[in-house]
Amino acid sequence: MQNLSFNAQCYALLLQIPVGRVTTYQALAHALNVKAYQAVGNAMNRNPNPVVVPCHRVVKADGQLGGYAFGAPAKEALLMSEGVQIKNGRIIDFANTLFTDFKTEPLKI
DNA sequence: GGAATGACATTTA
DNA sequence: CTAAATGCCATTC
């Protein structure tokens with residue numbers, strides 16, 4: 001029983017993403033100090049809690065939406081519904097829409 | 001305990 | 001620019 005499984009930490013980071021913003025698998029993995037880009041998506045694919053976590057705010061590093069357990073179109077619709085501009089399946093102004101200011105775990109001084 | 005999977009990333013041609 | 005191949009990590013069967 002670990003304090004927080006790998007996927008659990010990903011969810012914690014996703015919960016920190018404000019509306020209208022998106023993050024990438026690489027950012028999440030990098031925030032956890034790992035290169036398990038795919039592992040992040042894998043955790044979402046299993047989708048232990050599809051409603052508790054806005055997994056639809058996670059996109060690929062190229063600005064593409066990537067995949068979604070409920071279907072890629074659903075993800076795009078959700079993101080646009082949140083205010084994310086998407087064109088041809090790509091996020092417009094990805095650099096501005098991307099959110100990587102994750103608050104790392106509370107380091108004990 | 002081991003093998004297989006995947007909603008990715010990166011590099012090279 | 002597009003396309004293909006390889007690597008990489010954690011989770012799951």
Side-chain angles (χ1 to χ4, degrees):
Chain A
M1 301 319 185
Q2 312 80 313
N3 296 332
L4 285 175
S5 296
F6 184 83
N7 63 27
Q9 296 220 36
C10 295
Y11 307 143
L13 295 173
L14 292 175
L15 294 171
Q16 294 179 42
I17 303 175
V19 180
R21 285 274 151 79
V22 296
T23 189
T24 68
Y25 303 92
Q26 191 185 33
L28 287 166
H30 188 275
L32 300 175
N33 262 313
V34 299
K35 294 108 187 167
Y37 314 117
Q38 242 178 352
V40 179
N42 242 119
M44 303 298 162
N45 186 357
R46 308 304 174 158
N47 219 345
N49 31 20
V51 208
V52 189
V53 181
C55 349
H56 63 272
R57 288 183 190 153
V58 189
V59 298
K60 301 211 321 192
D62 291 344
Q64 304 227 236
L65 299 175
Y68 192 54
F70 286 80
K75 186 177 182 177
E76 183 182 311
L78 276 165
L79 288 172
M80 288 196 289
S81 180
E82 301 225 339
V84 179
Q85 303 281 31
I86 301 177
K87 177 89 170 194
N88 287 331
R90 284 199 189 134
I91 297 177
I92 304 177
D93 203 353
F94 182 59
N96 194 42
T97 310
L98 183 59
F99 178 86
T100 53
D101 187 18
F102 293 112
K103 299 195 297 186
T104 49
E105 48 203 273
L107 292 173
K108 299 194 218 185
I109 314 171

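What's counted below: heavy atoms across the whole structure, side chains too, no hydrogens, waters or symmetry copies. Letters A, B, ... are given to chains in the order of the sequence lines, protein chains preceding strands, and every chain is numbered from 1. Predicted model only: the values in this text are computed from it and were never measured.
Note: CG (A:Leu28) to C1' (C:dA10) measures 14 Å, nearest angstrom. In this structure, CE of A:Met44 is placed 12 Å from P of C:dT12, rounded to the nearest angstrom. Regarding A:Gln26, its CD atom lies at a distance of 14 Å from the C1' atom of B:dT11, rounded to whole Å.
Within the structure, the salt bridge (charged side-chain N to carboxylate O under 4.0 Å, His left out) test picks out no pair touching residues 60-81 of chain A (sequence neighbours left out). Residues in residues 77-98 of chain A take part in these salt bridge (charged side-chain N to carboxylate O under 4.0 Å, His left out) pairs, two or more places apart or across chains: A:Arg57-A:Glu82.
Every residue two or more places apart in sequence or in another chain that forms a side chain to side chain contact (heavy atoms under 4.5 Å, CB included) with A:Ala8 is listed here: A:Leu4, A:Ser5. Looking at residues two or more places apart in sequence or on another chain, you find a side chain to side chain contact (heavy atoms under 4.5 Å, CB included) between A:Leu78 and A:His56, A:Tyr68. Under the rule for a salt bridge (Lys or Arg N to Asp or Glu O under 4.0 Å), A:Arg21 has no partner lying at least two apart in sequence or in another chain. Partners of A:Cys10 by side chain to side chain contact (heavy atoms under 4.5 Å, CB included), not counting sequence neighbours, listed by chain and number: A:Phe6, A:Leu32, A:Val40, A:Met44.
Scanning residues 61-88 of chain A for heavy-atom distances under 4.0 Å to DNA chain B yields A:Ala61, A:Gly67, A:Tyr68.
Taking Ile, Leu, Val, Met, Phe, Trp and Tyr as hydrophobic and joining them when side-chain heavy atoms fall under 4.5 Å apart, one finds A:Leu98 in a cluster with A:Val22, A:Val59, A:Leu65, A:Leu79, A:Met80, A:Val84, A:Ile86, A:Ile91, A:Phe94.
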Extract from the structure each pairing of a protein N or O with an N or O of nucleotides 3-9 of chain C at less than 3.5 Å, listing the distance.
none

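Listed nucleotides: C:dT12, B:dA7, B:dA9. Nearest to the side chain of A:Arg46: C:dT12.
When the side chains of ILVMFWY residues are joined at heavy-atom separations under 4.5 Å, either directly or via intervening members, A:Val53 and A:Val51 end up in two distinct hydrophobic clusters.
Put simply, the side chain of A:Tyr25 and the base of B:dA7 share a donor and an acceptor less than 3.5 Å apart.
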